Amino acid sequence: MEQAADLGGEAADETREKEGPDQAPDGPDAEVKQPDDGQSSEESPKGQEPEELKDSPKKGFFGKKKEKKDPKDAQIEELTDRLKRNMAEFDNFRKRTEKEKSAMFEIGAKDIIERILPVIDNFERGLNSMPEDAKGTSFAEGMEMIYKQLLKNLEEAGVKPIEAVGQQFDPNFHNAVMHVEDEEQGENVVVQEFQKGYLYRDSVVRHSMVQVAN
């Protein structure tokens with residue numbers, strides 16, 4: 001009986017040796033040991049990223065995703081900007097050209113008007129110096145009709161005479177060539193006109209040549 005008990009004890013010892021010293025004991029108070037490999041199961045090895053972060057897109061500063069601009073989009077933006085600049089330059093050129101054309105037209109019109117004004121002056125001198133016995137003749141009436149027609153055409157083109165006699169002297173419109181002492185007239189009032197002045201579209205073509213009272 002003792003020999004059988006010894007054999008049973010030796011068999012139990014061999015069984016425990018085969019299972020190893022780390023075999024968890026049975027029982028409610030038994031403590032389960034976890035393998036200790038030097039780091040927790042939730043921590044990743046040093047120098048390696050977790051699997052869920054490897055495939056995630058890289059983000060820039062403040063967490064915003066850096067997107068590389070498509071070369072085609074960059075080229076489209078460059079061409080669009082160049083087109084806008086060319087359109088702006090063309091619009092400025094068009095406006096500048098129109099302004100220059102208008103100025104050239106006005107200069108040419110003023111030059112023609114200046115050439116016509118002496119003819120009008122001669123018409124006025126001829127009509128004013130006509131003898132009394134010649135007035136009312138067909139020749140005198142024809143000259144007067146031509147004179148009025150010429151003035152009408154100039155007026156339709158934007159030419160009009162400058163008012164002078166009885167007006168306050170204005171150096172922008174009048175050219176004073178004589179002064180006279182006249183107590184009946186106000187100071188710096190035009191009392192006589194020697195040569196009529198004209199405007200073209202509110203621009204002076206020729207100043208009125210006048211006499212001014214002091």
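Positions are given from 1, in the same order as the sequence printed here. Every heavy atom of this structure was used, including side-chain atoms; hydrogens, water molecules and symmetry mates were not. The structure presented is a predicted model; accordingly, all values stated were derived computationally and were not measured.
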Quick one: are [X] and [Y] in side-chain contact, heavy atoms under 4.5 Å?
X: Leu151; Y: Ile120; value: yes
X: Leu117; Y: Lys196; value: no
X: Val177; Y: Gln211; value: no

Between [X] and [Y], which heavy-atom pair has the shortest distance, and what is it?
X: Asn188; Y: Val212; answer: CA-CG1, 3.6 Å
X: Met178; Y: Phe194; answer: SD-CZ, 3.6 Å
X: Val205; Y: Glu114; answer: CG1-CG, 3.5 Å
X: Ala140; Y: Ala134; answer: CB-O, 3.5 Å
X: Glu141; Y: Gly136; answer: OE2-O, 3.4 Å
X: Lys110; Y: Val204; answer: NZ-O, 4.2 Å

Around atom [atom1] of [X], are there more than 12 heavy atoms from other residues, nucleotides or ligands closer than 6.0 Å?
X: Glu155; atom1: CD; answer: no
X: Lys160; atom1: NZ; answer: no
X: Gln167; atom1: CD; answer: yes

Which residue, Glu156, Gln149, Lys148, forms the side-chain contact (heavy atoms from CB on, under 4.5 Å) with Lys152?
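With Lys152 as partner, side-chain contact (heavy atoms from CB on, under 4.5 Å) holds for just one option, Glu156.
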Nearest 0.5 Å, what's the [atom1]-[atom2] distance between [X] and [Y]?
X: Leu199; Y: Glu163; atom1: CG; atom2: CD; answer: 10.0 Å
X: Gln75; Y: Glu77; atom1: CD; atom2: CD; answer: 11.0 Å
X: Asn175; Y: Phe169; atom1: CG; atom2: CZ; answer: 7.0 Å
X: Ile112; Y: Ile107; atom1: CD1; atom2: CD1; answer: 12.5 Å

Within one Ile-Leu-Val-Met-Phe-Trp-Tyr cluster: [X] and [Y], side-chain cutoff 4.5 Å:
X: Met145; Y: Met130; result: no
X: Ile113; Y: Tyr147; result: yes
X: Tyr200; Y: Met104; result: no
X: Tyr198; Y: Val119; result: yes
X: Ile146; Y: Phe139; result: yes

Side chain Gln168, main chain Glu187, donor-acceptor under 3.5 Å:
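Judged by distance alone, yes, a pair lies under 3.5 Å.
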Donor-acceptor pair, His207 side chain versus Gly197 backbone, under 3.5 Å?
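Checked: no pair found.
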For Val180, the rest of its hydrophobic cluster, which grows through side-chain links under 4.5 angstrom:
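Listed partners: Val191.
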Taking distance alone, no hydrogens or angles, what donor-acceptor pairs closer than 3.5 Å link side-chain atoms of residues 82-94 to residues at least two apart or in another chain?
unit_1, atom_1, unit_2, atom_2, d
Arg82, NH2, Glu78, OE2, 3.2
Arg85, NH1, Asp81, OD2, 2.1
Asn86, ND2, Arg82, O, 3.3
Asp91, OD1, Arg94, NH2, 2.6
Asp91, OD2, Lys95, NZ, 3.4
Asn92, ND2, Ala88, O, 3.2
Arg94, NH1, Glu98, OE2, 3.3

